[in-house]
K.L.:
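Got a structure for you, written out below as structure tokens; questions coming shortly.
Here is the naming used below: chain letters follow the sequence lines, and residue numbers restart at 1 for every chain.
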Number of protein chains: 2
Amino acid sequence: MTRVLIRHKIWGETVELTERKRQILRSVVDSYIQTAEPVGSKAIADELGLSSATIRNEMADLENMGLIEKPHTSAGRIPSPKGYRLYVDELMRDYRLSVEETEKMNSALSEKMNELDKVIDQAGKIVSKLTLLPSYSLSTVRAPRVAVKRFEVIFVDSQSFILVVMTTLEQVKNKLIKVPFPISAAQMPVLSDVLNTHFTGLTMGEITQDIIQSAVLSSGAAGALIALVLEFVSEVLSTQAHGQYHLAGEGNILNHPEYQDPGKARELLTYLNEAGTDALAMPEDGSKVKILIGPENIAEELKDTSVIMASYNIGDGMQGVIGVVGPTRMDYAKVAARLSYFAEGLNRMFGGPQTPPALESPKKEDKDL
Amino acid sequence: MTRVLIRHKIWGETVELTERKRQILRSVVDSYIQTAEPVGSKAIADELGLSSATIRNEMADLENMGLIEKPHTSAGRIPSPKGYRLYVDELMRDYRLSVEETEKMNSALSEKMNELDKVIDQAGKIVSKLTLLPSYSLSTVRAPRVAVKRFEVIFVDSQSFILVVMTTLEQVKNKLIKVPFPISAAQMPVLSDVLNTHFTGLTMGEITQDIIQSAVLSSGAAGALIALVLEFVSEVLSTQAHGQYHLAGEGNILNHPEYQDPGKARELLTYLNEAGTDALAMPEDGSKVKILIGPENIAEELKDTSVIMASYNIGDGMQGVIGVVGPTRMDYAKVAARLSYFAEGLNRMFGGPQTPPALESPKKEDKDL
DNA sequence: GGTTAGCACTCGCGGGTTTTGAGTGCTAAA
DNA sequence: TTTAGCACTCAAAACCCGCGAGTGCTAACC
């Protein structure tokens, strides 16, 4: 019985392995990936039904070939980079995505951030960079009545048009809508007209079947487009209505000696990720900058962490909060100064602190409308 | 000489301090904020020109009032939360922002993310959540010729209008433009016409003074608007032309035992933040998913880190890369599967792998245009 | 030949003990 | 009221040591 050797190429060189050596290598890598512990001959022996001595011999060979190595004399083996390479190229079993996984990814893909989100998110990133601390930012709603103020329709080609929607929060959103049947440029004014007369000033809940009915009737050939439009409108209005929460610069926490213990750091980060939105809102006491020191935080997890936050005005009925989280030993003066300056900037950017008269000022610039 | 006591309110109670005690407390906090080390009587004695014994006496008092505490019997003092509170409310010196700081913040505020950025950034976040690893995402340009394909102008009121711009990369951007003088709805078609005949198909560099001149001439009263429009166009085209880089989920690195040493973790993170964009680009070898194991990375900092990345097609001439970074011991099969599935999704979302015929397909949905 | 049992050896890890030194509180003198 | 002096405390660092998982080698076995 002549031993069958299987040939592999790694980084130029070629190595030849018996099927058994392949199995052993695979086991070593698999197990190490799982447990993060060096794997000894015993474990593999059990798995393959051979004695540990045999495995040791084989492993010695694999080690000579540079595929595995031991961290120190008397420990199990771990894969070397070369071993990983061979594993990835030849040994690795295809991982089958579960349905849940694919579904999660699909829905994540189709989920979109709204405009406000993006600004807020971006602001958080900047603050984090500026303060070298993890930052969070959130928007809270004070008057949740959001409606469309104005529709515009732009003809693109026979299969698509652009819908532009201005909300009562002064945001402008748009979408390139593809239509499953041919349309003509002439239908656009009609559609725009119908939309503006029937659907402006209404929140999503106030749009009844009756209203839709009569809108469809009065728009003739363009009636079929109404459903498409409303779908988008619903999306826009609902994502507008509730506050958003973002974290940024989490890694910065590691810059501070009080979080040398990675357990501590992780604990804080996971707390921020999961529950942050509740604990970090700005109390409504008029002040611009708020400092919460250690135990002044309600949340147990923040007991030895300080939070500095500043608020700013977004459009009508919305308020933004941006803040940082750090050790109680933190340069309060410096951080507070930066944060407050930045919040002022945001305030200005969104159009000043006054509740702005409806149509007059363009408040936020709303590029990318 | 009667000692002057200064009264402070903290959390309801009031405490009275001599000026000297205030100075000492301030010194303790300042120094502790700087060094993160408990501060001893000696240091303060030097600073205030008194003997350490005197300071010790004073500190004992401060400790009794609950303003400072010692981590253990024979260590220096650190501020208690109460001490911090008093410091923040009364002792803290205003921090003066330097010009550089304010400038940095101002420019950060005015810097806007373009649409592509946001999608890419968002994708990174999702992947990071999915793989429990830090992720990065970047876009690289293959054909840097970007121009405007089409202009649309929407009248808002006598002082503002919305400009919608579609680029050759199939992105739709818009901006609410405020005009310093009254305009009329009638000017809009003229403006749109002039823009479309004079400026479509041209990169920013190709727009000469001559072209602008003739455009202004042929647009009559609306001519003054041209400059405003071009400013926006220039902004859009320039931010479109170069690749973007984003990191997300940095905190996830802490979930892996090989980064228990927070020094290691920090090193990796700072490297990723600073230099990532160079080291993590996708090589152009046609494959969809690329795995780099430990030393296969060129960068010294990544020598015991593996990178898995997948590429996808964005609009004409642009390619996106999304990847994760983790310990060499990583579940290659699982991560690669998820990443590649996700990249496919992105690919589809942007309109498939083919270089899409100019006007036909709407490729990316480009909501928020 | 390949496989296995047996055995001596290695060396990292966890635990306890010792040493060190910064910083304290107290007392007595200035 | 301030200061010098001194005995005391205690966390952190250095050191030591025994356990045991895992090894390599050899000799017997199939």
K.L.:
Return the value, rounded to whole Å, for the distance between atom CG of B:D61 and atom C1' of C:dT24.
P.N.:
15 Å

K.L.:
Roughly how many Å is it from NE2 in B:H72 to P in C:dA22, rounded to a whole number?
P.N.:
13 Å

K.L.:
Rounded to whole angstroms, how far apart are NZ on A:K70 and C1' on C:dC13?
P.N.:
18 Å

K.L.:
Do the charged groups of A:E69 and A:R77 touch, with an N to O distance under 4.0 Å?
P.N.:
no

K.L.:
Whole-Å distance between C:dT24 C1' and B:E58 CD?
P.N.:
16 Å

K.L.:
Scan A:K42 against the nucleic acid and name what it touches under 4.0 Å (heavy atoms): base, sugar-phosphate only, or nothing.
P.N.:
nothing

K.L.:
Which residue, B:S51 or A:R56, contacts DNA chain D at a nucleotide closer to its 5' end, judged by nearest heavy atom?
P.N.:
B:S51

K.L.:
Is the phosphate of C:dC11, meaning OP1 or OP2, less than 4.0 Å from a side-chain N or O of A:T73?
P.N.:
yes

K.L.:
Assess, by modelled atom type and distance only, whether the side chains of B:K125 and B:H246 contain a donor and an acceptor separated by less than 3.5 Å.
P.N.:
no

K.L.:
If you compare every side-chain N and O of A:R77 against the phosphate oxygens of D:dT23 (OP1, OP2), does one of them come in below 4.0 Å?
P.N.:
yes

K.L.:
Step through it carefully: locate the ring centre of B:Y332, locate the ring centre of A:Y84, and say whether they are under 6.0 Å apart.
P.N.:
yes

K.L.:
Send over the distance from A:Q260 CD to D:dA12 C1', rounded to a whole Å.
P.N.:
16 Å

K.L.:
Could you check how far CG of A:N57 sits from P of C:dG1, rounded to whole Å?
P.N.:
14 Å

K.L.:
Any luck finding a side-chain donor-acceptor pair between A:T305 and A:N297 under 3.5 Å?
P.N.:
no

K.L.:
Counting the atoms with a prime plus P, OP1 and OP2 as sugar-phosphate, which does A:S74 contact under 4.0 Å by heavy atoms, base, sugar-phosphate, or nothing?
P.N.:
base

K.L.:
D:dT3 phosphate, OP1 or OP2: any side-chain N/O from B:T54 under 4.0 angstrom?
P.N.:
yes

K.L.:
When all nucleic acid strands are considered with a 4.0 Å heavy-atom cut-off, which category describes A:S41: base, sugar-phosphate, or nothing?
P.N.:
sugar-phosphate

K.L.:
Between B:I55 (CD1) and C:dG25 (P), how many Å, whole number?
P.N.:
13 Å

K.L.:
From C-beta outward on A:E63, which listed nucleotide comes closest to its side chain: C:dG25, D:dT3, D:dG24?
P.N.:
D:dG24

K.L.:
To the nearest Å, give me how far apart CD1 (A:I24) and C1' (C:dT3) are.
P.N.:
13 Å

K.L.:
Please report the closest heavy-atom contact between A:V28 and A:V39, naming both atoms and the distance.
P.N.:
O-CG1, 3.7 Å

